[in-house]
Chemist: 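After the structure tokens below, expect a handful of questions from me.
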2 protein chains.
Amino acid sequence: MEHAPSIDSRNGDGESDEADARAGKVPAGSQTLLRGLDVLEAVVAGPVSLSDLAGGLGLTRSTTHRLANALIERRYLAMAPGRGYQLGPKLLELGFRAQQQIDLVQVARSRLEHLADRSEDTVHLGVRDGDRALYLDKIAGRRRIAISSRVGDRHPLTATGLGKALLIDEPRAAWEALFAADQAGGAVPIAWDVWHDRMQGYVQVGRAFDLEENEDQIRCVAAPVRDVTGRVVGALSVSSAAQYMDDRRMEALTRDVVETARQVSEDLGWSGNSPR
Amino acid sequence: MEHAPSIDSRNGDGESDEADARAGKVPAGSQTLLRGLDVLEAVVAGPVSLSDLAGGLGLTRSTTHRLANALIERRYLAMAPGRGYQLGPKLLELGFRAQQQIDLVQVARSRLEHLADRSEDTVHLGVRDGDRALYLDKIAGRRRIAISSRVGDRHPLTATGLGKALLIDEPRAAWEALFAADQAGGAVPIAWDVWHDRMQGYVQVGRAFDLEENEDQIRCVAAPVRDVTGRVVGALSVSSAAQYMDDRRMEALTRDVVETARQVSEDLGWSGNSPR
DNA sequence: CTATACGTCCCACATCATGGGATGGTAGAG
DNA sequence: CTCTACCATCCCATGATGTGGGACGTATAG
């Protein structure tokens, strides 16, 4: 107990459970590494001076300096002449490599499975491919109903829940063009005003519905997935027969679907700041 | 000395200078952090198993596991079900933030100053802006010659060294179009065949010359700057009066200019792999 | 079944990180 | 100019911290 007199100073006498409870489940044993990462993350906000860094983290200047120096040596941080510490080029490189390694389907898989387990319904994952929604993955539910979709299918954007989730950030002009094309292409007829009103509602909540518009007797709840820049790069949905999907259940599912989409987004680096 | 029996196991008896000499200048005092970063960087290559990680780094499985776990907890790493460790979402986030923080001019500044010091000539930094080269920074040399350029100037791409460096990765079709436009726009007349032959030579070496094509009596040596994806995002050049810039000196400067451009590229996250 | 390889967990020991404080440089106020 | 303030950097005695050998449970293969 010689460092920070802050709330979280380590306790050498009490039970170690306290620490475990506080930190979640970090089993300790890497204080230096974790503190180093703290330093790294404290610099995200922008150029900071050493003292500010140390103060903000509850560390001494010595310790902070040593950690920051190691990070500079490895190019994780850089020193801006008269302004303080900045994020370094190594992070650009690692970020880029991470982007190359990450595959949406693989990342989303386990979360989709959990969602399917909880809902007992069929879960889909898809991306936009030109003017269609391309289905990349499907986890079958436990109910004995036929969802005719298959991985690799392309469906209209404006007539499926998943498609509408993919369009949730698009401007009205894009909506209109796609809507007209889908209507002309044989989608279930619907008035533009009705469709547009519904979409605006979906935008507010951050999720979309499909009310038997694409396939009779099938309804679904869908939410968009975003990457690190906040852009919509995919969407996921829960689909079921209308008999299991009354309005109340769709509302109830919303929470779970949106939350799952948020988790997948976080796995893609999104941190919740779409503006900027 | 109980860890790794590898070549670099620490020595507790001899002089510590050995370690300093070997490691460059890391003054030690953050072993855990540095090892953690080693783990992180070892995962860049792709999914790796714990044992392979430990083996490759010369650490024990225990230590590696502890470090990797801490990195997973912080989302710097992720565990691919049956395939091993992967880079995690935090790196996507930090890489993105780093990209937002980094400014080409600011990053390049000190390196350009050193280059200007060594060459005693005027150094420019520029980017492509549509069909022109936009000059973002200028460090005046020590010679008493007039270089009429100013920060904010736009010059033809095909008639300046800096511009040609910016075009170094472009396909022949783009070269032809820009060349035709610049020639029509009043650039110093030159035959397409001659220009094209020279460009191909520049591409081989990774730098471009300006042989009094833009401004009479001014020659320059330029090299492209790349970002993390390998794309050319800027260029820098050394310019001087032709009397100081005979062919031999231009060749001699090439090394220094290319090296400086490489350093700036590394500051932008480039690691030397343009393919992929 | 046994064998191999995986990730995980534990704990005594001593190596390594710690932080108080000293140092040198730079900028601004008086 | 001096004095003060704040910066990053460096040093070193102390003990808290990370270490690695080895045990454990499980999964995949032979």
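Bear in mind that the values here come from a model prediction, so they are computed numbers and not experimental data. In what follows, chains carry the letters A, B, and so on, assigned in the order in which the sequence lines appear, proteins first and then strands, with residues in each chain numbered from 1.
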Chemist: If I take atom CG in residue Leu67(A) and atom C1' in nucleotide dG18(D), what distance separates them, rounded to the nearest angstrom?
Modeler: 14 Å
Chemist: Just how large is the angle between the end axes of the helix from dC1(C)-dG30(D) to dG30(C)-dC1(D), five pairs per end, to 10 degrees?
Modeler: 40°
Chemist: Rounded to whole angstroms, how far apart are CE on Met79(A) and C1' on dT26(C)?
Modeler: 14 Å
Chemist: Hey, does the side chain of Ser49(B) come within less than 4.0 Å of dC6(C)'s phosphate (OP1/OP2), counting only N and O?
Modeler: yes
Chemist: Look at Gln31(B) and dT19(D) and indicate whether a side-chain polar atom (N or O) is within less than 4.0 Å of OP1 or OP2.
Modeler: yes
Chemist: Between Glu93(A) and Arg75(A), is the closest basic N to carboxylate O distance under 4.0 Å?
Modeler: no
Chemist: Leu33(B) CG to dA17(C) P: how many Å, rounded?
Modeler: 9 Å
Chemist: Looking at Tyr85(A) and Ala68(A), what are the two nearest heavy atoms and their distance?
Modeler: CE2-CB, 3.9 Å
Chemist: Output the rounded distance in Å from CZ (Arg83(B)) to C1' (dA5(C)).
Modeler: 18 Å
Chemist: Among dG7(C), dC7(D), dT17(D), which nucleotide sits nearest the side chain of Arg61(B)?
Modeler: dG7(C)
Chemist: Rounded off to whole Å, could you give me the CD1-to-P distance for the Ile72(A) and dC10(D) pair?
Modeler: 12 Å
Chemist: Is it true that Arg226(B) and Ser265(B) share a donor-acceptor pair across their side chains at a distance under 3.5 Å?
Modeler: no
Chemist: State plainly whether the residues Arg262(B) and Glu266(B) are in salt-bridge range, i.e. N to O under 4.0 Å.
Modeler: yes
Chemist: With a 4.0 Å limit, can you tell me whether His65(B) has a side-chain N or O closer than that to the phosphate oxygens OP1/OP2 of dG7(C)?
Modeler: no
Chemist: Identify whether any heavy atom of Thr63(B) sits under 4.0 Å from a base atom; if not, whether one sits that close to sugar-phosphate; answer base, sugar-phosphate or nothing.
Modeler: base
Chemist: Ignoring hydrogens and geometry beyond distance, is a side-chain donor-acceptor pair present between Thr254(A) and Arg207(A) at under 3.5 Å?
Modeler: yes
Chemist: If only side-chain N and O atoms of Arg66(A) are considered, is one of them under 4.0 Å from the OP1 or OP2 phosphate oxygen of dC10(D)?
Modeler: no
Chemist: Check the distance between dG18(D)'s P and Asp38(B)'s CG and give it to me in whole angstrom.
Modeler: 16 Å
Chemist: dC6(D) P sits how many Å from Leu50(A) CG, rounded?
Modeler: 14 Å
Chemist: Rounded to whole angstroms, how far apart are CG on Asp52(A) and P on dA5(D)?
Modeler: 18 Å
Chemist: Go through dT8(C), dT9(D), dT17(D) for me and flag the one nearest to the Thr32(A) side chain.
Modeler: dT17(D)
Chemist: Verify the distance criterion only: is there a donor paired with an acceptor across the side chains of Ser271(B) and Arg97(A) at less than 3.5 Å?
Modeler: yes
Chemist: Kindly confirm or rule out a cation-pi arrangement of Arg143(B) over Tyr244(B), judged by NZ or CZ under 6.0 Å from the six-membered ring centre and within 45° of its axis?
Modeler: yes
Chemist: Looking at dA8(D), I'd like to know if its phosphate oxygens (OP1 or OP2) sit under 4.0 Å from a side-chain N or O belonging to Asn69(A).
Modeler: no
Chemist: Confirm from the modelled atom types if Ser62(A) and dG20(C) form a donor-acceptor pair under 3.5 Å, side chain to base only.
Modeler: yes
